[in-house]
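Scroll down for the structure; my scribbles are underneath it.
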Amino acid sequence: MAGWVDRRRDHGGIIFFDLRDTSGLVQVVVDPEQLPAARDLKMEYTVSVAGTVRVRPEGTKNSEMATGEVEVVAGEVQVLSSADALPFMINDRIEIDERIRLQYRYLDLRRPRMAANLRARSSAVRAMRQTLDDLGFLEIETPTLIRSTPEGARDMLVPSRLSKGTFYALPQSPQLFKQLLMVGGVDRYYQIARCYRDEDLRSDRQLEFTQLDIEGAFWGQEGVLDTLEQVIVSVVQQARDVELSRPFPRLTYADSMARYGTDKPDLRFGMEIIDLGEAVANSGFRTFSGALEAGGVVRGINAGRLGLSRSGLDGLVARAQELGAGGLVWMVVEDDGSLRSPVAKFLSDLEMSDIASRITASPGDTLLIAADQAKVVGRVLGQLRLDLGRPRGHDDLSFLWVVDFPVFEETEGGDLAPAHHPFTSPVSVSEMRDNPREAVSKAYDLVLNGSELGSGSVRIHDPEVQKQVFEVLGISDREAESRFGWFVKALRYGTPPHAGFAVGIDRLLAILQGEQSIRDVIPFPKTQTGTDPLTESPTRVDDFQLIELGIDLRPDVRAALSGEKDD
RNA sequence: GGGGGCGUGGUGAAGUCUGGAGUUCACGCCGGCCUGUCAAGCCGGAGGUCGCGAGUUCAAAUCUCGUCGUCCCCGCCA
């Protein structure tokens, strides 16, 4: 056997050490009289051991250890390589500063938790490939040096040496290429695709990330969702040994926003948002009636038995205000069913009992009610719902589809902005044109435990429709021609109706592995400032490299850099 | 672009609020003892520019300002 020395227990006359390899640990027993070199073994030396496996003597078995029934009596131990004193210990017992972990990622990856994440990721991807291969999909690669199409996220740019002054972009997704594959007669495509978006990082966002990208021709939403469900079921079977039931639940976007205040609801718990408008429509309490008259809503959640003190309740009000609400009304249900609240005196008995019955209040429950524009109320109650009800880890898995996304989203300023990419098929072009705020597109998201795992849509396959969509999205003919002319042209040569999806593999694995950050399921991630402490990228490059590319740094950038130490 | 948390021997923490000698704990490291441990145990030892720079003060890990790094979040992510 060969592996790493995990821990050593030297008793003088007898030495034990745990030998670790990718499959786990086993205890090795050494008689130092026979093998004096064993006295010099230290943590993380790599060694090979020849010896006899035997059942441990009675009374020395270790039930905590998978291999605790047996041990290896070493006949020979050979040191394959030694190891310096470690910057941190290879175990899961303490949380080491993440910068140090990344700086010594090769050691961090030896920790059982990280090693398990790597293995889980590998088997998840294998399950994806297996399922899609069985369904007749082709795995096809698309280029990573592509044309920049300044839409959506910021592109990562790569300067061209052969055409100085011009740039490739790294793909934000294989979107247009997979659609070209459909035109090209590939009717079932998938790819484990690396994607790049030059935006600020978060615990669930990296500059580069990996998607399971799929697309199919002569099918629509139902075909896509059915296929994706089979893939997810298979991955979860692998990762959790759990058989998910199908089909996954579905919510429309409108329902999701109304009931959960978000387009990615966490359905592991209830605490739904309930509309109370009818209960307080004619209320003398101006906060409620005024909001309704202004076209807003009055909605609430039953947060259950919080048992909060007055200051705890005030904390919720402060939290609501921080989220943009003017205020928050709390009510606590007394044993006799009456409501205790600072605003009780403004509400009639009928109004209060109506509220209590609509929100199905029981004694001890805390009710939280907000009155404002629907968007604000949704955001505030949706977030309070998560604050108060969200389970800690990810022991349960709650997948769902959110369907019927709108074509446009309203920005904070009240403007309309496209909710998806401009190749998404609207349900009706005329509806999109005439009633843009209500128009629905054939777009859908996959949500797991309150996280958006991915999205997809039925694509536009008619070049005329595509033209009209550009127009409605405010992209002029000339602009559309120069940016996407090459693509729209392709649609003119007999394009099959097609639809697809992309699943964020990093996010899926993070949740399946119970990790807070996707960095823990990515072997070599970047820090929040986009740097890699191990290789110290990104770095400056030699001037001649820039010259070769026809690039000069801006004077202000150069000045800022010369203030730093040269590399 | 903005808000917040953190930064103390190699690692993890306590000390910071309320200034008074680099003080403490666990792991690791070095040396010694030890034949059934498994986070082995016991004895001894080394190891720190309290991220960095200014300021306040008789005195700063501790207070103030700036700065760097990192994490979380808002913006951003079609």
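None of the values given here were measured: they were computed from a predicted structure.
Electrostatic pairing of Arg113(A) and Asp92(A) does not count as a salt bridge here, judged by no charged N lying under 4.0 Å from a carboxylate O. Salt bridge annotation for Glu69(A)-Arg56(A): absent, with no cationic side-chain nitrogen under 4.0 angstrom from a carboxylate oxygen. With respect to the salt-bridge test (charged N to carboxylate O, under 4.0 angstrom), the residues Arg7(A) and Asp18(A) do not qualify. Using a cut-off of 4.0 Å between Lys/Arg side-chain N and Asp/Glu carboxylate O, Glu471(A) and Lys467(A) are scored as not salt-bridged. Taking a cutoff of 4.0 Å between a charged side-chain nitrogen and a carboxylate oxygen, Asp506(A) and Arg121(A) qualify as a salt bridge. Remark: Glu208(A) does not engage Arg197(A) in a salt bridge, criterion side-chain N to carboxylate O under 4.0 Å. Salt bridge annotation for Arg205(A)-Glu199(A): absent, with no cationic side-chain nitrogen under 4.0 angstrom from a carboxylate oxygen. Using a 4.0 Å cut-off between a side-chain N of Lys or Arg and a carboxylate O of Asp or Glu, Lys375(A) and Glu409(A) do not qualify as a salt bridge. Between Asp445(A) and Lys264(A), none of the side-chain N atoms (NZ, or NE/NH1/NH2) sits under 4.0 Å from a carboxylate O, so this pair counts as no salt bridge.
Side-chain polar atoms of Ser311(A) and Asp314(A) form no donor-acceptor pair below 3.5 angstrom. Between the side chains of Gln468(A) and Glu464(A), no donor-acceptor pair of N or O atoms lies under 3.5 Å. Side-chain contact annotation: Thr539(A) with Ser537(A), donor-acceptor N/O pair under 3.5 Å absent. No side-chain donor-acceptor contact under 3.5 Å links Asp520(A) and Gln513(A).
Rounded to a whole Å, the CZ atom of Arg205(A) is 9 Å from the P atom of A78(B). Following rounding to the nearest Å, Asp387(A) (CG) and C73(B) (P) show an atom-to-atom distance of 13 Å. Going from atom CG of Asp6(A) over to atom P of A40(B) covers 9 Å, rounded to whole Å. As a whole-Å value, the separation of Arg7(A) CZ from G41(B) C1' is 13 Å. As rounded to whole Å, 10 Å separates atom P of A78(B) from atom NE2 of His420(A). Glu199(A) has its CD atom 14 Å from the P atom of C74(B), to the nearest Å. In this entry the distance linking CD of Gln206(A) with C1' of C76(B) reads 16 Å, nearest Å. In this structure, Glu44(A) atom CD and G28(B) atom C1' are separated by 12 Å, rounded to whole Å.
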Indicate for each nucleotide in nucleotides 2-17 of chain B, in 5' to 3' sequence, whether protein heavy atoms under 4.0 Å reach the base (B), only the sugar-phosphate (S), or nothing (-). --------SSS-----
One character per nucleotide, please: for nucleotides 32-37 of chain B, 5' to 3', B when the base has a protein heavy atom closer than 4.0 Å, S when only the sugar-phosphate does, - otherwise. --BBBB
With B for base contact, S for sugar-phosphate-only contact and - for none (protein heavy atoms under 4.0 Å), nucleotides 43-48 of chain B reads ------
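Base-pair partner of U37(B): not found among the strands shown (Watson-Crick or G-U wobble, both distances under 3.5 Å). C58(B) and G20(B) make up a base pair, with Watson-Crick or G-U wobble contacts both under 3.5 Å. Applying the Watson-Crick and G-U wobble criteria (two distances, each under 3.5 Å), C50(B) pairs with nothing in any strand. Across all strands shown, C30(B) is found opposite G44(B) as a Watson-Crick or G-U wobble partner, with both distances under 3.5 Å.
Taking atom C1' in both U62(B) and G51(B), the straight-line distance is 16 Å, to the nearest Å. If you take atom C1' in C72(B) and the same atom in A54(B), they sit 29 Å apart, rounded to whole Å. Nucleotides G4(B) and A14(B) place their C1' atoms 23 Å apart, quoted to the nearest Å. Taking atom P on both G5(B) and C65(B), the two are 12 Å apart, rounded to the nearest angstrom. Spacing of C1' atoms, U18(B) relative to G10(B), comes out at 33 Å, to the nearest Å. With both ends at atom C1', the span from G15(B) to G22(B) equals 11 Å, rounded to whole Å. Atom name C1', nucleotides G47(B) and U24(B): the rounded distance is 16 Å, in whole Å. For the C1' atoms, the distance from G12(B) to G48(B) is 15 Å, rounded to whole Å.
Mapping His421(A) and Glu64(A) onto RNA chain B by nearest heavy atom places Glu64(A) closer to the 5' end of the strand. Along RNA chain B, the nucleotide nearest Asn91(A) and the nucleotide nearest Pro533(A) are compared for position; the residue whose nucleotide lies closer to the 5' end is Asn91(A).
For C27(B), neither phosphate oxygen OP1 nor OP2 lies less than 4.0 angstrom from any side-chain nitrogen or oxygen of Arg93(A). Distances shorter than 4.0 Å separate some side-chain N or O of Lys42(A) from OP1 or OP2 on C30(B). For Arg8(A) and C38(B), the shortest distance from a side-chain N or O to OP1 or OP2 is not below 4.0 Å. At least one side-chain nitrogen or oxygen of Arg197(A) sits closer than 4.0 Å to the OP1 or OP2 atom of A78(B).
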Evaluate the salt bridge (charged side-chain N to carboxylate O under 4.0 Å, His left out) criterion for residues Asp10(A) and Arg8(A): first the C-alpha distance (whole Å), next the side-chain angles of each, then the deciding distance (0.1 Å), finally the verdict. CA-CA 6 Å; Asp10(A) 184 347; Arg8(A) 197 177 56 109; 3.6 Å; yes
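Every pair passing side chain to side chain donor-acceptor pair (under 3.5 Å) that includes a residue from residues 74-89 of chain A is listed here, sequence neighbours excluded: Thr46(A)-Ser81(A).
Applying the salt bridge (Lys or Arg N to Asp or Glu O under 4.0 Å) criterion to Glu322(A), with sequence neighbours excluded, gives Arg319(A).
Annotation: proximity of residues 515-531 of chain A to RNA chain B (heavy atom, distance under 4.0 Å) is found for Arg519(A), Thr527(A), Gln528(A), Thr529(A), Thr531(A), numbered in ascending order.
Residue-level contact check: Arg99(A) touches the backbone only, with heavy atoms under 4.0 Å from sugar-phosphate atoms and none from bases.
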